[in-house]
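A quick write-up on the structure given underneath.
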There are 2 protein chains.
Amino acid sequence: MEVRRDVFQAIADPTRRAIILLLTVGALTPNAIAEHFDSSRQAVSKHLQILTECEILKQEQQGREIHYHLNAAKMQDIEKWLEQFKQLLAKRFDQLDVVLEQLKTKRK
Amino acid sequence: MEVRRDVFQAIADPTRRAIILLLTVGALTPNAIAEHFDSSRQAVSKHLQILTECEILKQEQQGREIHYHLNAAKMQDIEKWLEQFKQLLAKRFDQLDVVLEQLKTKRK
DNA sequence: TTTATGTGCAATTATTTGGTTGCGCAATAG
DNA sequence: CTATTGCGCAACCAAATAATTGCACATAAA
């Protein structure tokens, strides 16, 4: 629980993915979140800490309660990478198209 | 290196993400892949194994060489989750719209 | 004020990870 | 046939992870 802290590592854990989906509905306190899971409040709290550290979540103190809410923008990090992947893949198919085109040209 | 095997865990590692991007260009052998990284062939091989187990990669034996190539379809697992996330988020904003609409109505 | 509640934090532990080294084996090259 | 090359696999290791337990400390309720 020390060094790695990026969105990809954050969503690697199924509980954290579930927390993210849960919080799309709105901000919740650690206790409220923990109720949705089998794990203890402290375990959930650690996940919240990790998610907060990589800026997927933001805390908002209200009296003695802390409301965790989504920073949806951060999820774009994943989308960005996926987009890059798709672009590269598209490029590859472009090259394939070029090859096919060459074959067609040679044939005649 | 035993049990967990899903796409999210697979892309959590930066080396594995790099391998995925690298293979968008086309199939490569473990040695060819390893040349692109600092880690040993065996280390890379382990990553390939993980990526293969979760079906992001597929092997194709050719003589004593093994060509690893992408199963791009598998990446949709990530996209699917992201899509679900965005849908839920959109729903939330719909509800916000409803609230704002109500406020507007009450005001007059 | 006293008690209960909501939460973070530290220490401990079991498990998983990512990596290295060394081996064996099949396919190819000489 | 012999040497080399390309790989996977097993054993081992350090570091990271996930979860528990036990506190401490505020804030809010009695």
Side-chain angles (χ1 to χ4, degrees), chain A residues 1-23 26-71 78, chain B residues 1-23 26-71 78:
Chain A
M1 203 138 214
E2 275 301 320
V3 254
R4 276 259 205 76
R5 212 96 306 175
D6 64 74
V7 192
F8 295 98
Q9 194 265 343
I11 64 162
D13 184 90
T15 302
R16 286 198 286 268
R17 285 201 299 280
I19 290 175
I20 291 173
L21 293 187
L22 181 62
L23 292 184
L28 287 177
T29 64
N31 275 322
I33 295 169
E35 278 173 17
H36 291 267
F37 301 95
D38 293 328
S39 24
S40 67
R41 178 190 61 82
Q42 281 89 341
V44 169
S45 224
K46 285 209 173 184
H47 287 304
L48 294 175
Q49 193 184 312
I50 290 170
L51 289 166
T52 304
E53 276 173 32
C54 73
E55 297 181 296
I56 289 180
L57 299 187
K58 282 176 129 186
Q59 304 175 321
E60 210 175 319
Q61 191 99 27
Q62 273 176 35
R64 70 180 161 183
E65 292 185 350
I66 296 178
H67 293 257
Y68 284 87
H69 60 91
L70 274 176
N71 172 28
I78 304 164
Chain B
M1 204 137 215
E2 277 301 321
V3 258
R4 277 259 204 75
R5 214 95 306 174
D6 66 73
V7 192
F8 295 98
Q9 194 264 342
I11 64 162
D13 184 89
T15 302
R16 285 197 287 269
R17 285 201 298 281
I19 291 176
I20 291 173
L21 293 187
L22 180 61
L23 292 184
L28 287 177
T29 65
N31 275 321
I33 296 169
E35 279 173 15
H36 292 267
F37 301 95
D38 293 328
S39 23
S40 68
R41 178 190 59 83
Q42 282 89 340
V44 168
S45 225
K46 285 208 174 184
H47 287 305
L48 294 176
Q49 194 184 312
I50 290 171
L51 289 167
T52 304
E53 278 174 30
C54 75
E55 298 180 293
I56 289 180
L57 299 186
K58 282 175 129 187
Q59 304 175 322
E60 209 174 321
Q61 191 98 26
Q62 272 176 35
R64 70 180 162 185
E65 292 186 349
I66 295 178
H67 292 257
Y68 284 87
H69 60 91
L70 273 177
N71 173 27
I78 304 164

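The chains referred to below are lettered A, B, ... by the order of the sequence lines, with proteins before strands, and numbering in each begins at 1. A quick note: this is a predicted structure, and the numbers were derived from the prediction, not measured.
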Roughly how many Å is it from CD in B:Q9 to P in D:dA18, rounded to a whole number?
10 Å
Would you mind telling me which of D:dA19, D:dA11, C:dG8 lies closest to the side-chain atoms of A:T15?
D:dA19
Heavy-atom check, side chain of B:H67 versus side chain of B:T29, under 4.5 Å
yes
Using heavy atoms and a sub-4.0 Å distance, could you list which residues of residues 60-68 of chain A are near DNA chain D? By number, please.
A:G63, A:R64
Interatomic distance where CD belongs to B:Q59 and C1' belongs to D:dC9 [whole Å]:
13 Å
Would you check if A:L23 and A:I33 make a side-chain contact, meaning some heavy-atom pair closer than 4.5 Å?
yes
So, taking the atom named CZ in A:R5 and the one named OG1 in A:T52, what distance separates them when rounded to the nearest 0.5 Å?
10.5 Å
If you measure from NE2 on B:H47 to OG1 on B:T15, what distance do you get to the nearest 0.5 Å?
4.5 Å
Which nucleotide in the set D:dA18, C:dC9, C:dT17 lies at the smallest distance from any side-chain heavy atom of A:D13?
D:dA18
Quick one: does B:N71's side chain have a donor or acceptor within less than 3.5 Å of a partner on B:E55's backbone?
yes
With no hydrogens and no angle check, is any side-chain donor or acceptor of B:R16 less than 3.5 Å from a backbone partner on B:A10?
yes
Between B:Q9 (side chain only) and B:I11 (backbone N and O only), is there a donor and an acceptor less than 3.5 Å apart?
no
Between P of C:dC9 and CD of A:E53, the distance in whole Å:
10 Å
The correct set of residues in residues 27-35 of chain B placing a heavy atom under 4.0 Å from DNA chain D is B:T29, B:P30, B:N31
Where do A:P30 and A:V44 come nearest, in terms of heavy atoms and distance?
O-CG1, 4.4 Å
Once you round it to whole Å, what is the distance between C1' of C:dT20 and CD of B:Q49?
15 Å
What is the distance from CG of A:L51 to P of C:dG8, rounded to the nearest Å?
13 Å
What is the separation between atom CG on B:L48 and atom C1' on D:dC9, rounded to the nearest whole Å?
14 Å
To the nearest 0.5 Å, tell me how far A:L70 CG sits from A:I56 CD1.
8.5 Å
I need the CG-P distance between A:L57 and C:dT7, as an integer number of Å.
14 Å
Would you say a side-chain N or O of B:H47 is under 4.0 Å from OP1 or OP2 of C:dG19?
yes
State the NE2-CG distance between B:H36 and B:L21, to the nearest 0.5 angstrom.
12.5 Å
Rounded to whole angstrom units, what separation is found between the CZ atom of A:F37 and the P atom of D:dA18?
14 Å
Could you measure the distance from the CG atom of A:L28 to the CD atom of A:E35? Nearest 0.5 Å is fine.
9.5 Å
Between the protein and nucleotides 21-24 of chain C, list the N/O to N/O atom pairs that are separated by less than 3.5 angstrom.
unit_1 : atom_1 : unit_2 : atom_2 : d
C:dG22 : O6     : B:Q42  : NE2    : 3.0

